[in-house]
Amino acid sequence: MSLDRVDGLDKLSGKSAFVDDLTVPGCLFGGTIRSPVARGRIRKIHFSTAVDWSDFVIVDHRDIPGSNEVALIESDQPALASTNVRHLHEPVLLLAHSKLHRLREGLRSIRVEIEAAPPLFDVEAQPTKEMLQHGSDNVFKRIDIRKGDPASVFAKASRVIEGTYRTGSQEHVYLETQGMIAHQEGETLVVRGSMQCPYYILDALTIAFDRPKERFRVIQCPLGGGFGGKEEYPSVVAIHAALLAEKAGRPVKIIYDRQEDMAVTTKRHPSRVRHRTAVDDDGIILAMEIDILFDGGAYVTLSPVVLSRGTLHATGPYRCDHVHVHGEAKLTNSPPYGAFRGFGAPQTLFAIERHMDVIARDLGLDPGELRRRNLLCQGDTLATGQKVQDGVDLTALLARGEELAGVSLATQEYAAFNRSHPYLRRGVGRATFYHGAGFTGSGETHLASEVWVEGLADGRVRLLTAQTDMGQGTMTILAQIAGETLSVDPRSIEVVTPDTSLVPNSGPTVASRTAMVVGKLIEDGCRELQRILDSGSGPPSGKDFQNALELHHRENPGDLLRVSRSYQTPPGQNWDEVSYQGDAYACYSWAAHLAHVEVDLRTFQVRVTDYVALQEVGRVLNEVLARGQIQGGVAQGLGWTLLEEVILENGAMKNHQMMNYIIPGSGDLSPIRVFFEEIPSPSGPGGAKGIGELPLDGPAPAIINAVCHALSASIREIPLTPEVLMEFLGGKE
Amino acid sequence: MSHFDLTLELNGKKVTRKIPLRSRLLDALRYDFGLTGTKEGCGEGECGACTVLLSGRPVNSCLVLARQAEGCKVETVESTSTETLRRLNATGTSQCGACTPGIVMTARWLCDNPQTLDLMSLREFMSGNLCRCTGYDGVLSGIECLLDQEEGES
């Protein structure tokens, strides 16, 4: 079924109030003074004497009551720089004023004087001693996954194929920029705003203010897009707004404008991945050696876990008994790179999927045929030793994808077309891939997510989770899951907007985990509610359920009928964090994406003329929402591949405005054709698996493979902007 | 900062407010007239999120000085009919909702001026409204529904 988006009418009518739409009486406007250099020691902060500073609220690191850190995996990132800065735009000082134009005047009238130190921008360079800023080698995280004995296979191999692949950064460009409002309510600091993870912010505030959780309340406003960009960064804005509000004794609103948002917030990790692959003459993969390097930026933030997902997807969906994956995330003096839809997997999947086409070309094999000879079958094991058991037939999936995309006919036609056309070249490319759903390894076990399902006196049901709706449809999906489980109208289900004073911690809204992991807890909670209301004739559903609920409340007036459900590790799922062996994810979603392209050799523009996205995501819960996730993810992936170039200057984004950072418009795209295979999975509600990030993995390799097919070239780097392609083909056409 | 009295025919009603001289139409609508349905996406006329109809024509309200709208008819997303919203919702036109009000206003203008599509495709026409969530297919099919409806009625 496709329940229409429950918050859709409010969004379409503009009624949904984002944080900047809220009017708070007496509210001050807050802003941030940032480091003008990439690395150095703060000498002095100069306040212009032309400004009357008496009515400004000014906050620096000395105003932080607790630990000066943005708490995440490690505590190295300060909330406000105290002595040293490690990247351009690092926050140093906060200002607030009741008038926005006075705030802007203030922000222009402060100069941070810094004794500059040499910055490190090249993540591939071996750091000299003076460049060391983290541990003994600037490495934030190092991961090795080993299977079999690749060294001895390589020693005997007759054919070893190598390739190095690079991907650029990417800016999220959620259409609503970052923003928070903080105010004091008695003893409680209340922070509301644009966020994916209310409990991350609660934890960060607790540490920065050194106060118990009960002294804070974090409330999610409707969210104008996230894509990972509002996973960890909002903690910074929240701490800043809270510091200003506490010092001012008045509410403070911080809203980044677009240019500030693009310049200073997190982005996708740039990557370099090296492949060495031993194959036999039939194209069977014998051994893989994969070396991954991610640029982590100036602080650890989420880089270790982004790297983790990257390494776990690095081999692609191929059978191989001898594997060594080595990954490193290292420091540079760029603003920290962070969570972005796909979380490391799009980078490593680009490398392996491009590499498969490179191998095919080397062997003179059709790239589809090479994949068919190596695709994982049920019962095969991944690099971690995890057994594939989602029930999907990948060979059939690829074959269906190729048929839907008309690959064999197009291949013949394009050969003739490319021989005869003076300046257009056409090609078709494919990518086969998977995406692990939910947190990696024992992540879900550590999170121990909790949800509440309440049966109300009027016969309705209320769901309480920390899951945020950033446009992907959380509120609709959770209501639909409860409605279907109880056989009641999903529009009668109340989904409570996350507020840490009201909802339990069901974990962050990331990692394609909401519908699958939290949805499953909701499904379980609803069943438990039915069991409680069972008067002997079986668990009630539909009208009987509502009657039983009303009866329960008549017999027990004032009773809080609340079911709590917490995540339990499925039996048999094991993960070893040290050896990286075991079940890295509860389950995987699988896909075959195919792209047709046309390259114009006059303008060097690549146009994707047809895109087929075929995926197996377990049961599709809501067709309209699921299709929207795939199409939106493909469009975002296409942007990363062909249009979106983050140009760095002093380590930070130089083209930080929408005028010169180009995201796809409707005219840049052709219809994205979406198809599903549905194999119900035991991991999620009604058989559903994770879906949100999967579509970001396919476009880069599928499109670049198509371009390489069209041009008989071997391009190994994205973004492939017209300028890059022109240079690549320099002198060739 | 100096102010002036701005009078608009806003969503069919004549209204006047004292506003700062240098305000953009976007600021006046959001902060002075309290209509926060119109959103700011980029502040430089690239994304179309702040699209409103000024004297019947779609404009980026971040690029229009409030003074330029003096005495004019201005229509914002708040004046959209429920039926239009319902049709758009069924196809997945909106995900996060930040670009959505601008898309709704551009779509409304197109429904009043469907002959525009004799000159260009719907896909080309909508390329001034950027959306980061949908990949546009849901948006375009929503607008096609509206256009079909208009055609059926005329």
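Computed from a predicted structure; not experimentally measured. Reckoned from all heavy atoms, side chains included, excluding hydrogens, waters and symmetry mates. Here is the naming used below: chain letters follow the sequence lines, and residue numbers restart at 1 for every chain.
- Of the listed residues (B:Cys96, B:Ser127, B:Gly128, B:Gly97), the one with the most heavy-atom contacts under 4.5 Å to chain A is B:Cys96.
- Residue contact with chain A, scored on non-hydrogen atoms closer than 4.5 Å, is absent for B:Thr38.
- In this structure, A:Phe227 CZ and B:Cys133 SG are separated by 3.5 Å, a value rounded to the nearest 0.5 Å.
- Using a 4.5 Å cut-off between heavy atoms, A:Val173 contacts chain B through both its backbone and its side chain.
- Within the 4.5 angstrom heavy-atom criterion, atoms from both the backbone and the side chain of A:Asp20 approach chain B.
- Only the backbone of B:Thr134 comes within less than 4.5 Å of a heavy atom in chain A; its side chain stays farther off.
- Between the A:Asp4 side chain and the B:Asn89 main chain, no donor and acceptor come within less than 3.5 Å of each other.
- Only the backbone of A:Leu223 has a heavy atom closer than 4.5 Å to any heavy atom of chain B.
- Interface remark: A:Thr23 contributes no atoms to any contact with chain B (heavy atom separation under 4.5 Å).
- Only the side chain of B:Arg30 comes within less than 4.5 Å of a heavy atom in chain A; its backbone stays farther off.
- Proximity to chain B (any heavy atom under 4.5 Å) is shown, for A:Asp21, by both the backbone and the side chain.
- Side-chain atoms of A:Met658 and B:Cys47, non-hydrogen and from C-beta on, do get closer than 4.5 Å to each other.
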